[in-house]
Amino acid sequence: MSMSKTYHPLVKGLLDGERSLADLPPELRAEAEEAERLLGAVDRTPVSLSPALDARVMAAVRRRAASPVRRAWRRLVEPREFELRLRIRPWIAWGGALAVAAATALVVLGRPSVIPAGGPTPTRVAARDSIYVRFVLYAPGAKRVAVAGTFNQWDQNAAPLVPAGTSGIWTTTLALPVGQHQYAFVVDGQRWVADPGAPAVDDGFGRRNSVVAVTAHAGRAL
Amino acid sequence: MKHAALVLLLVTAIAVPLGAQSDVAARLAGRVPPEVARAVAEIAAGVAARGLPVEPLVQKAVEGGAKGVPSDRVIAAVRALAARLDEAAGALRSAGLSNPDADLVDGTAYALSQGLSAAQVRDLARAIHAPYDAATTLRVAATLSGLGVPPKQTVQLVEGVLQAGGTPDDVLDLPSEVEAGMAHGASAAQAAQGLGHDDTHGRPPTWVPPGHAKKHKP
């Protein structure tokens, strides 16, 4: 049954007891009658719980806590300290190391050639705090503006800016990890523009990349 | 037994660069022209064989591809970066860091690309200690140098903040302070001059904005 129907505020007032059916305009009376009919169909008999329910619930909780299966599972997954002492012959250690090296080589060689693209290495992002940084560009007449940089693998589709009305100002806010990042704006998918409000360094291709420093306290253009 | 061990070692030595090569080629497929992907994969294989990170090479190629830079220029930039990664690892080794992580090698290579010498990078790497992140600190130095602060002054400035016990955020803020001074008309060297000593926002104590007469003592 769908519960998505929304009643007219006056009908809701009727259901809340704030007004009577006679107070409603004629065109709302059919809706109000339907609502009252539905409300009347609801079983309003007071629910009484068995006095033994509490005891039954607690007994079930204790049973589950004492379950040998659960205890075994906890032993498997909960961290604990181990002291491991090995006494092995050197040639066995060398053999094991070589076997591991060979297995690694096979894994590396046999790796599938499709690598997921996009985004920084997840562990690196997860290991550092992310701070929201706002990017702003004044580009009157632009149809499309994006920001691309080291934080999104220079993907000009990853972070589009949104125009602020017809002012020519484009903005977006991104969560970036603490540290230094290089970036540039891409106007209309073709023109790479350094941020005029931030310092820029040589990008190695004869152009300039802007630099933003994200500190633990705030994101800012350098 | 001895022969088997040698074969295994040989297989490992060949497998790592080959794995890096196919990995890089796959990541660049569709993002750069095929000739760039092939060239970068070859360069990356050599870099991986020397135990250096290949990710910076991939990122530089992706950046060039995204910007529509001509293929030969992208390949040249990646080759130059590979050489700097080698130089960076050497500088870090001479600073006593025999096994630096990929991020630190990348940050060091960036510092070298912005004009710092291997000796300056080595000195700076030696001066960095907890709680400062070495890679981030070297990137800050690189940016300062990239802004036009002379390399020697850059090293002195960053080392000064570290020795004075500034916070890691203070280090990260250095380029913004220089930029603020430059926005007021100072040169990068002038803007960096007063930093780490007082609250002049990148402006040396004697510096006055253009169009403003200097105060003369009576």
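Each chain gets a letter, A, B and so on, in the order its sequence line appears, and its residues count up from 1.
Comparing B:Gly146, B:Ala76, B:Ala66, B:Ala29 by heavy-atom pairs within less than 4.5 Å of chain A, the highest count is held by B:Ala66. The greatest number of non-hydrogen atom pairs below 4.5 Å with chain A, out of B:Ser145, B:Ala80, B:Gly64, is found for B:Gly64.
The environment of CD in A:Glu27 is crowded: more than 12 heavy-atom neighbours from other residues, nucleotides or ligands sit within 6.0 Å. Surrounding CZ of A:Arg207 are more than 12 heavy atoms belonging to other residues, nucleotides or ligands, all under 6.0 Å away.
Shown here for B:Tyr110 and A:Val201, the closest heavy-atom pair between the two residues is OH-CG2, 3.5 Å. Counting all heavy atoms, side chain and backbone alike, A:Pro199 lies closest to B:Glu179 at CB-OE1, 3.4 Å. Nearest approach of A:Gly204 to B:Ala77, heavy atoms of both residues: O-CB, 3.8 Å.
The side-chain heavy atoms of A:Asn209 and B:Glu63, taken from C-beta on, include a pair separated by under 4.5 Å.
A salt bridge does not link A:Asp203 with B:Lys60: none of the charged nitrogens is closer than 4.0 Å to a carboxylate oxygen.
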CA sep, side-chain torsions, deciding dist, call: B:Arg31, A:Trp154, side-chain contact (heavy atoms from CB on, under 4.5 Å): CA-CA 10 Å; B:Arg31 307 189 75 171; A:Trp154 299 96; over 6 Å; no
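Rounding to the nearest 0.5 Å gives a distance of 11.0 Å between CD of A:Gln180 and CG of B:Asp133. With values rounded to the nearest 0.5 angstrom, A:Gln153 atom CD is found 4.5 Å from B:Gln59 atom CD. Residue A:Arg191 holds its CZ atom at 14.5 Å from NZ of B:Lys67, rounded to the nearest 0.5 Å.
Looking at B:Val171, B:Leu172, B:Asp170, B:Thr167 one by one, the single match for side-chain contact (heavy atoms from CB on, under 4.5 Å) with A:Thr215 turns out to be B:Leu172.
If you measure heavy-atom distances from B:Val74 to chain A, the contacts under 4.5 Å come from both the backbone and the side chain. Contact of A:Gln190 with chain B is not made at all, since no heavy-atom distance falls under 4.5 Å. With a 4.5 Å cut-off on non-hydrogen atoms, A:Ala200 touches chain B through its backbone but not through its side chain.
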